[in-house]
Participant: 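Here it is, the structure in full.
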Amino acid sequence: MYLSLQPKPDIIRNMNHNTESVAVSEHENRLQKRALYESEGTNPFAYAYNRTHTIADALALAAGCGPGEKTTHQVAVCGRIKAKRGHGKAMFVNITDQTGTIQLYASVNDLGDLTHFERLDVGDIVGVQGALFTTRRGEITINIQSFALLTKSMHSLPEKYHGLQNKEARYRQRYVDLIANPDVMAVFQKRSAVIQQVRAYLHDQGFMEVETPVLHHIYGGASARPFTTHHNELNQSLYLRIALELHLKRLIVGGFEKIFEIGRVFRNEGVSFKHNPEYTLLELYQAYADYTDMMALTESMIHGLVVATYGSPTVTYQGQLLDFSLPFKRVSMRDAILNEAGVDIDTVSDADMVALLVAKGIEDAASMPRGELINEVYDTYVEHTLIQPTFVVDYPVETSPLAKNHRDKPAYVERFELIVAKMELANAFTELNDPVEQKARLQAQQQSRDAGSVNAHGMDDDFIEALSYGMPPTGGLGIGIDRLVMLLTDAASIRDVLFFPHLKQIVT
RNA sequence: GAUCCGGUAGCUCAGCCGGUAGAGCACCUGACUUUUAAUCAGGUGGCCGAGAGUUCGAAUCUCUCCCGGAUCACCA
């Protein structure tokens, strides 16, 4: 795509031999204004402005003011010009700061001469000072006594009514999107609030926030392909982390009992409406707890976030009503598969599962080991049926190399995922802490990796060494923050909750 | 990586059974001292994503490529 918000080469035409009708591009027009300010000795890029009120504060001051009423409140506010309406010897302008939008009224009565004010363009950032009043139509307005150009904008803004719609331009030039589409700023303010609330909740529960390395020698903690990088001085290959898990568990070994990290992880996989190559993951670990404790914590925290955001436990997400009332639904993976695919994974033969998968077009099912078959049947038959918040509980051991064997059911591990609107939102287990068992599991992973499985874990000897010192019984939980924010902002795509989602570079 | 949809003025979009490139907003000129998607009159502005082909003639038809979106696949 030609990035159309960039200035095109300036075009000066004189089509009808009339010297008055020389057309100048908007960008050129503004460059000329910049030069004009300089020739007048005015810096069109000021250093600061003595603001007395935010726009929201100013609006609040005049809140009780009726139509046509004047006040004695003097305010000095700053913001970007969003609209101009010339009216002969007067002019209305709307300016926006981070807190809101307010109307300005400039007239020859107070400014004497509107020449300099009229020179301002939509997009410019100004500071204005004056008294609050309310127009006949009831809009709170500042009657300008003085003003200053703070920053000259060299581009025109997108259309005032439709805003910026082109998705590619919105993602690539998010700053324009933020200027043009007020809803976008609200989404990211909500994202920040959600993360702040998560932190507050966890601190309240006695968790300590920690930070662990992003650069790993051995990647693990999830099934994913990593990004590879290189340390020049040490001449070492390094990986960007795909999970936080293995370092956080080392800290549990070290004696911390309740810790969490909110960090960026990187997965070298495809991009979609729910996948971005880098995303924000919350992981927490609690000593002396198991996955039932993690389930209670997950429920409590997410329920609290929904209520804090919407004032009730229900959310409309993409037209569907989601009910986060406590407790969330629970279903074992075995029962879920029994309901949707009609087979009991405790007794069904591998051949029957292969047949189920081939029927859905998964041709390479015959080569899958049993655990992967079960997982695939679940993905194919069950996951897309889970709209309401549902804990899917107890997973086959083969696909969960870091989770502890189920205390009652030998073929399973103690693990759950929380599925909402068909998306995996959380994943948790009772952590495997037997170093011998863990080593055997990772060796099995290593074997399938050697056999060509690119997502299988590699052996991490230091992690096994850490477990060998003794990790207390531990519950662990991971929550995809971006997806959580999607649910809480009704965002259809993960790109809408990331300031700068990953896009291909434009090669020119 | 596969399939489908899209890319036309600064922005939002028409035009697509081939025949001189359009509207609204923005911008420029003029009028207007409480407007608010202000209004009224006039005007400027295009490598129609890029390249090749078919044709007397291509925004329009064909092919290749680039970028985006949706659905898959992989994954959280």
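Predicted, not measured: the structure shown is a model, and the values here were computed from it. First the proteins, then the strands, lettered A, B, ... as listed; each starts at 1.
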Participant: Is any side-chain N or O of Arg85(A) under 3.5 Å from a base N or O of rU35(B), one able to act as donor and the other as acceptor?
Facilitator: yes
Participant: Remember a base hit wins even if backbone is also touched, and classify Gly270(A) as base, sugar-phosphate or nothing at under 4.0 Å, heavy atoms.
Facilitator: base
Participant: Going by heavy atoms closer than 4.0 Å, what residues in residues 58-73 of chain A are next to RNA chain B?
Facilitator: none
Participant: More than 12 foreign heavy atoms under 6.0 Å from CZ of Arg449(A): is that the case here?
Facilitator: yes
Participant: Got Val397(A) and Arg441(A) here, is their nearest side-chain heavy-atom distance under 4.5 Å?
Facilitator: yes
Participant: Quantified in whole Å, what is the P atom distance between nucleotide rU54(B) and nucleotide rC11(B)?
Facilitator: 34 Å
Participant: What distance, rounded to whole Å, do you find between the two P atoms, one in rG45(B) and one in rA23(B)?
Facilitator: 12 Å
Participant: Rounding to the closest angstrom, what is the interatomic distance between rC67(B) and rG49(B) at atom C1'?
Facilitator: 8 Å
Participant: Over all strands shown, is Arg225(A) touching base, sugar-phosphate only, or nothing at heavy-atom distances under 4.0 angstrom?
Facilitator: nothing
Participant: Do Arg85(A) and Gln103(A) come close enough that some side-chain heavy atom pair is under 4.5 Å?
Facilitator: yes
Participant: Identify whether any heavy atom of Asn109(A) sits under 4.0 Å from a base atom; if not, whether one sits that close to sugar-phosphate; answer base, sugar-phosphate or nothing.
Facilitator: base
Participant: What interatomic distance, in whole Å, is found between C1' of rA59(B) and the corresponding atom of rG51(B)?
Facilitator: 16 Å
Participant: Starting from P on rG68(B), measure out to CD on Glu168(A) and report it in whole angstrom.
Facilitator: 6 Å
Participant: Would you indicate what Leu503(A) reaches in the nucleic acid, counting non-hydrogen atoms under 4.0 angstrom: base, sugar-phosphate, or nothing?
Facilitator: sugar-phosphate
Participant: Give one of base, sugar-phosphate or nothing for Phe273(A), where a contact means two heavy atoms less than 4.0 Å apart.
Facilitator: sugar-phosphate
Participant: Test for a donor-acceptor pair under 3.5 Å between the base of rU12(B) and the side chain of Gln165(A), counting only N and O atoms.
Facilitator: no
Participant: Looking only at atom P, what distance separates rC48(B) and rA9(B), rounded to whole Å?
Facilitator: 9 Å
Participant: Between rC25(B) and rA41(B), how far apart are the P atoms? Round to whole Å, please.
Facilitator: 11 Å
Participant: For His27(A) and rG10(B), are the ring centres under 5.5 Å apart with planes inclined under 30°?
Facilitator: no
Participant: Under 4.0 angstrom, heavy atoms only, what part of the nucleic acid is Glu26(A) near: base, sugar-phosphate, or nothing?
Facilitator: sugar-phosphate
Participant: Just how far, in rounded Å, is P of rA76(B) from CZ of Arg241(A)?
Facilitator: 16 Å
Participant: Whole Å only: how far is the CG atom of Leu282(A) from the C1' atom of rA76(B)?
Facilitator: 13 Å
Participant: May I ask you to verify whether the side chain of Tyr105(A) and the base of rU33(B) hold a donor-acceptor pair under 3.5 Å?
Facilitator: yes
Participant: With a non-hydrogen cut-off below 4.0 angstrom, is Gly478(A) in contact with a base, only sugar-phosphate, or nothing?
Facilitator: nothing
Participant: Just to be sure I understand the rule, does Asn276(A) reach a base, reach only the sugar-phosphate, or reach nothing, if contact means heavy atoms closer than 4.0 Å?
Facilitator: base
Participant: What is the nucleic acid contact for Arg495(A), judged by heavy atoms within less than 4.0 Å: base, sugar-phosphate only, or nothing?
Facilitator: sugar-phosphate
Participant: Contact class for Phe133(A) (heavy atom, under 4.0 Å): base, sugar-phosphate, or nothing?
Facilitator: base
Participant: How is Val265(A) classified with respect to the nucleic acid when contacts are heavy atoms under 4.0 Å: base, sugar-phosphate, or nothing?
Facilitator: nothing
Participant: Between rG10(B) and rG46(B), how far apart are the P atoms? Round to whole Å, please.
Facilitator: 8 Å
Participant: Hunt down the Watson-Crick or G-U wobble partner of rC65(B), both distances under 3.5 Å, from any strand shown, or write none.
Facilitator: rG49(B)
